[in-house]
Amino acid sequence: MKLFSEHFQKEHPVVKFDVRAKLAVVIALLLMVLSYKGVLFPLFIAAGCFLLCVRMGIPLRVLFLRMAQPLFLAVVVLALKCFFTGEDTLFVFSLPTSHFPLLTLTVHRDGLIEGLKIAGRMLGAVSLVIALGFATPFTEFMAGLSWFRVPKGFIEIMMFAYRYIFMFLEDAHTIYSAQKNRLGYSGMRKGLRSFGTLTGSLVIRGIDQTQKTAEAMTQRGYTGDMPLVKKRPLRFGEFAVAMVFIIFAGAIWMI
Amino acid sequence: MLSVEKLYYRYADGTDALSDINLDVKKGQFIGLLGANGSGKTTLLRTMDGLLKGFEGRVVLDGTDIRKLTPKQIYKKMGLVFQNPDDQLFAPTLFEDVAFGPLNMGFDDNEVKQRVAAALKEVELEGLEKKSVHNLSFGQRKRACIAGLLAMGHEMLLLDEPTAGLDPMGEYRMMKLLQRLNRENGVTIVMATHSVDLVPVFLDELYILSKGRITRGGTPEEVFNAPEDMANIKLRLPHIAELIYRLKHEDKIKFDRIPLTIGEARREILKTFENEKY
Amino acid sequence: MLSVEKLYYRYADGTDALSDINLDVKKGQFIGLLGANGSGKTTLLRTMDGLLKGFEGRVVLDGTDIRKLTPKQIYKKMGLVFQNPDDQLFAPTLFEDVAFGPLNMGFDDNEVKQRVAAALKEVELEGLEKKSVHNLSFGQRKRACIAGLLAMGHEMLLLDEPTAGLDPMGEYRMMKLLQRLNRENGVTIVMATHSVDLVPVFLDELYILSKGRITRGGTPEEVFNAPEDMANIKLRLPHIAELIYRLKHEDKIKFDRIPLTIGEARREILKTFENEKY
Amino acid sequence: MSSQKSKVKSQKHEITFFNSFLLVTLVLVTDAHAMHISEGILPFNWAALWFAAAVPFVAYGLYRLKKLSAVDPSFKPLVGLMAAIVFIISCMPIPVPTAGTCSHPAGTGISAILVGPAISVLVTAVALLIQALFLAHGGLSTWGADIFSMGVMGSFAGFLTFRALRSVKVNMAVAAFIAGVLADWATYMTTSVELASGIRGDSPFLPLFYKILIAFIPTQLPLGILEGAMTSGMVVLLYKRRPDLLVKMGVLKAEEAAL
Ligand SMILES: Nc1ncnc2c1ncn2[C@@H]1O[C@H](COP(=O)(O)OP(=O)(O)OP(=O)(O)O)[C@@H](O)[C@H]1O
Ligand SMILES: Nc1ncnc2c1ncn2[C@@H]1O[C@H](COP(=O)(O)OP(=O)(O)OP(=O)(O)O)[C@@H](O)[C@H]1O
Ligand SMILES: [Mg+2]
Ligand SMILES: [Mg+2]
């Protein structure tokens, strides 16, 4: 199941670092990136995050796949901005032989700059969140959220959701095997019918499973409050490191 | 400790799963439920555990109608091991699953860890703590379910075929473990099972379910004393009993009684040998 | 018919489930796989059925590497009954589930209906056709799975603990049914099982798996001839064998051989009786 | 060059053939991910505004959750399951033949019909957060905006449509279909507003909004219909196989289920 970030993380100090400190750093940096008025700072953050991910042993291919879509969007926004907004024309593409206005494309200077800013912002912000995702196992993350006073109901739903996502993927695979084993998917029409049965069955099973989970859990003392992973005491050292880091970044941000 | 009076249960699709069930489980007993597939064992255990509502009749736990108890009050006293382990396991890893009960009971981290370790040792799953529960083999998952309840230390355990899917040695050990819990810790146990051969060795009392009704009850000896109509209730004699029964009735060798266990059979055979000699 | 050569399988989480498995299943054989929980039986059956890819070594079906066959080619010849019935049943009602295979084989409605009816009769589930599969009892679901494959009429059946969760009579009848399929219709059968007592009565050949390796193979007599190290592989002797073994070694009664079935045991005991008399 | 410059300036915001073609292709190609506004697109003030808009709805969802799960312990797992369904549906790339590209439906129509709009907002919030954190799909800073477009607008549009149609005795399948379509389109309208306002900088809002909206149409039209079909399929499936659930969730009355 290579869908989720945490399956790649290796033993690395950043992974073991207190999740609350990590969250604080990421949120602070995110705010800085978003409110920054230039291009350099976000790019600097993006470069840092990239290096960190590589150091954590995330395969480049995975990293690239994860980045691909935001990166592409950034390019689109850039194009949108520089071709379609702005006053100040930088240059114009047009087919050399014709002065036919429909075939011209204008690049605006102010639009380009605007676009670069947004693209930079996206890159910086995305890298931060991706690095956080790779460096934080899901359960840790939940524990961190609960420390930040995110309502318990929300966290519980998130844990259930996470579990059921995997259940769906597994179930889909299981049912698919079961169908193949009885000659499902042999041919177009049969394939479609098999697929219909599969999705229907997935949903019904999922719903049944919620009932069973609830039974199994109440049976073992669950009364609506999930016991969460123990919170380890805040360590001064880790928070100090985080603070220093935030201040340092803040200083660069000011420049 | 737990008694069931005039219990009827009908599923939403109209299946009458239980009819007129009366049962009285006393503290410290080790009771078995036997019966054909679809005879209602699982349904009975689930109503006894308070999971199925909407039955007719009464289920009384320590003097109080179970419908008047909160889930918390019920599950402090007793727990049920489900028939299908996949219905019971829900946490990501084996450790987390087994720890769920103790955590809910409010123990501190150390106590939880100890309890989990002890429970996993009992079911011989040490070393797999970090494994995802869904990556365990079927028998391992069955064991994991049992560990999840052992870690809570209930007064009463209901088990739905705890040994199904276990390897032969595991089956025997599991029964030994339950026997120890029953004898040494005084845990009251009710289990559904299909293992006729193990029953007489371990159980105090048996109830036979057939089409939602209890048709017989008593000690293993009492229940297995009428081998002729076993087939109606889809049961058979334990292999040992079958052997002696055949020797007695088909080969006309004299036996005073039909033994149910290996130990008894040895004694009977030796006795017959002695008698024949002289 | 199906042979496995130097098979290794490792799960994604690093568990080595199979190591150096060599197995040769000939047409018309009735073969059993035994082994402790987690020893790799399910994994082996799933690779043999072509469901698990990414193994090392070769699985050859009728002379062709299974990796070169399309699903259609494989599943026309053989089918697997899964260990957990909930993994196998997916259609809304029992009828639809059992009919899934025959429909995919392209039979017309009448033929499908006949096949489903026949299969349900074999597993004794007549009358439950319209019931939702998820509302069946565990044993009924297990039977439903088997019916789903019977209705397809394969040349070869792989069964992962087909009798687990069946009532004692059902277990015996299921084995009888498989035996009949094997003898009369020439269906090749490979089954994983924990039922040591049934094995010697029905199976031609046994393989013992232990920690992903085949440690023994042969006829039931060959496999059970070294009772001393059964414990290592979490097995035990059949009850009958255990009784005679104890009589022989502890009570010093003379037996020429250790019988594995009730019939053999009767003969041995009678023989010993005769000898003692004179 | 300079002579051209003035000419270009005059037609700056007109839609030329070439640039509208480019615009359409660009948006179409990336449309796969347009349902979720990506991390960093929105500047700080817009991000904050959408957060402020979404929070009351999420809070109300939590309040409803607490009330409902007090009565039924299996409610929380069920809500979790809905979140997983929304997660999977909104990760699912669907080829859109008219545009020759992929996009994805939202799934909020289904969850709104089944668990109600308030909890559906919560469901969406959870699904979005998991996607943002572990798949870089959507984002943390744009979480508020995404909750608002997908969760709030999608859920309420879907739910209100369904209820309104059901109250005038429209067939269940048809009502669910239209609810799904409208939930999808409402989401996209909102997303377009958010995008346009977020990236417009100093340029005027409306022209950019129209451009984005128009560019979405070729994918969103069929996609909305697909979403409608999915919603309808799911509701009908439950109606056929688990009417008890629909009764429990208040979608059906007990008498209707018996039919
Ligand atoms: N959820 C359900 N809805 C409708 N009918 C059900 C449901 N569960 C079980 N039944 C039916 O009720 C009867 C009793 O089922 P139950 O599961 O109690 O049997 P069991 O004795 O446990 O059988 P097994 O040995 O196979 O586990 C069966 O006929 C079964 O088909
Ligand atoms: N999907 C999986 N991922 C990782 N490990 C697995 C997976 N499935 C099984 N295993 C491991 O592989 C080993 C063999 O499992 P397998 O299911 O083949 O055992 P088995 O012999 O069928 O046991 P049982 O008698 O309990 O059914 C076990 O140690 C098990 O924990
Ligand atoms: Mg049962
Ligand atoms: Mg197995």
Side-chain angles (χ1 to χ4, degrees), chain A residues 3-6 30-31 33-35 66-67 69-70 72-73 76-77 79-81 83-86 89 92 101-106 114 118 121-126 129-130 132-133 141 151 153-154 156-165 168 200 203-204 206-207 210-211 213-214 218 224, chain D residues 4-5 7-9 11-12 16-19 22-23 26-27 30 32-33 38-41 43-44 47 62 65-66 69-70 73-74 76-81 83-85 87-88 122-123 125-127 129-130 132-137 139-141 199-201 203 208 211 234 237 241-242 245:
Chain A
L3 185 59
F4 287 96
S5 314
E6 53 174 311
L30 203 57
L31 292 179
V33 167
L34 290 183
S35 52
R66 190 68 37 97
M67 283 297 291
Q69 82 180 42
F72 202 84
L73 264 183
V76 171
V77 170
L80 266 177
K81 291 300 288 186
F83 293 128
F84 300 106
T85 63
T89 304
V92 175
L102 277 180
L103 290 178
T104 56
L105 192 59
T106 323
E114 239 341 86
I118 299 180
R121 207 162 69 204
M122 289 174 68
L123 222 59
V126 165
V129 177
I130 288 181
L132 177 70
F141 193 81
F154 187 87
E156 260 182 74
I157 299 298
M158 198 150 160
M159 293 176 85
F160 281 125
Y162 191 71
R163 151 130 183 59
Y164 288 136
I165 290 167
F168 271 128
V203 173
I204 300 288
I207 291 174
T210 62
Q211 226 103 5
T213 314
T218 29
Chain D
Q4 262 182 359
K5 191 171 177 176
K7 206 164 81 194
V8 167
K9 215 168 196 170
Q11 54 170 39
K12 189 173 56 222
T16 63
F17 171 78
F18 199 53
N19 65 20
L22 179 77
L23 178 79
L26 275 180
V27 179
T30 46
H33 323 299
S38 226
E39 187 72 88
I41 289 195
F44 179 76
L62 280 168
L65 177 76
K66 199 162 192 175
S69 63
S74 71
K76 274 183 189 171
L78 184 70
V79 173
L81 185 88
I85 291 179
F87 175 96
I88 288 175
L122 182 65
V123 159
V126 166
L129 185 58
I130 300 180
L133 281 173
F134 295 94
L135 296 177
H137 192 34
L140 278 190
S141 67
I199 65 172
R200 98 190 140 99
S203 19
L208 190 60
K211 277 177 204 160
M234 185 89 103
L237 174 80
R241 282 178 61 185
R242 292 298 298 273
L245 270 164

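In what follows, chains are A, B, ... by sequence order, proteins preceding strands, each numbered from 1.
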In Ile207(A), Val203(A), Ile165(A), the residue satisfying side-chain contact (heavy atoms from CB on, under 4.5 Å) with Leu81(D) is Ile207(A)

Are Ile85(D) and Phe168(A) close enough, and set up right, to give a side chain to side chain contact (heavy atoms under 4.5 Å, CB included), and what steps lead you there? CA-CA 9 Å; Ile85(D) 291 179; Phe168(A) 271 128; 3.7 Å; yes

Where does Ile157(A) contact chain D at under 4.5 Å (heavy atoms): side chain, backbone, both or neither? both

Under 4.5 Å, counting heavy-atom pairs only, tell me which of Leu30(A), Leu132(A), Ile204(A), Val33(A) racks up the most with chain D. Ile204(A)

Going from CD on Gln211(A) to CZ on Arg242(D), what distance comes out if it is rounded to the nearest 0.5 angstrom? 6.0 Å

Using every non-hydrogen atom in the two residues, find where Ser141(D) and Leu34(A) come nearest and quote the distance to one decimal. CB-CD1, 3.2 Å

Shorter than 4.5 Å, heavy atoms on both sides: which option in Glu39(D), Arg241(D), Met234(D) has the most such pairs with chain A? Glu39(D)

When the 4.5 angstrom heavy-atom criterion is applied to Ala127(D) and chain A, the contacting part is neither

Give, as side chain, backbone, both or neither, the part of Lys66(D) having an atom under 4.5 angstrom from any heavy atom of chain A. neither

Could you go through Val79(D) and Phe160(A), starting from their C-alpha distance and side-chain angles, then the distance that decides it, and tell me whether this counts as side chain to side chain contact (heavy atoms under 4.5 Å, CB included)? CA-CA 8 Å; Val79(D) 173; Phe160(A) 281 125; over 6 Å; no

State, to 0.1 Å, how close Gly80(D) and Tyr164(A) come at their nearest heavy-atom pair, and which atoms those are. C-CD1, 3.8 Å

How are the rings of Phe134(D) and Tyr162(A) set to each other: parallel, tilted or perpendicular (split at 30° and 60°)? tilted

Locate the shortest heavy-atom distance separating Thr218(A) from Pro73(D); write the atom from each residue and the value. CG2-CB, 4.1 Å

Given a strict heavy-atom distance threshold of 4.5 Å, which part of Val129(A) is in contact with chain D: side chain, backbone, both, or neither? both

Just how far is it from atom CE of Met158(A) to atom CG of Leu122(D), taken to the nearest 0.5 Å? 11.0 Å

Heavy-atom distances under 4.5 Å only: say whether Ser35(A) touches chain D with side chain, backbone, both or neither. both

Please state whether the side chain, the backbone, both or neither of Leu78(D) comes within less than 4.5 Å of a heavy atom of chain A. both

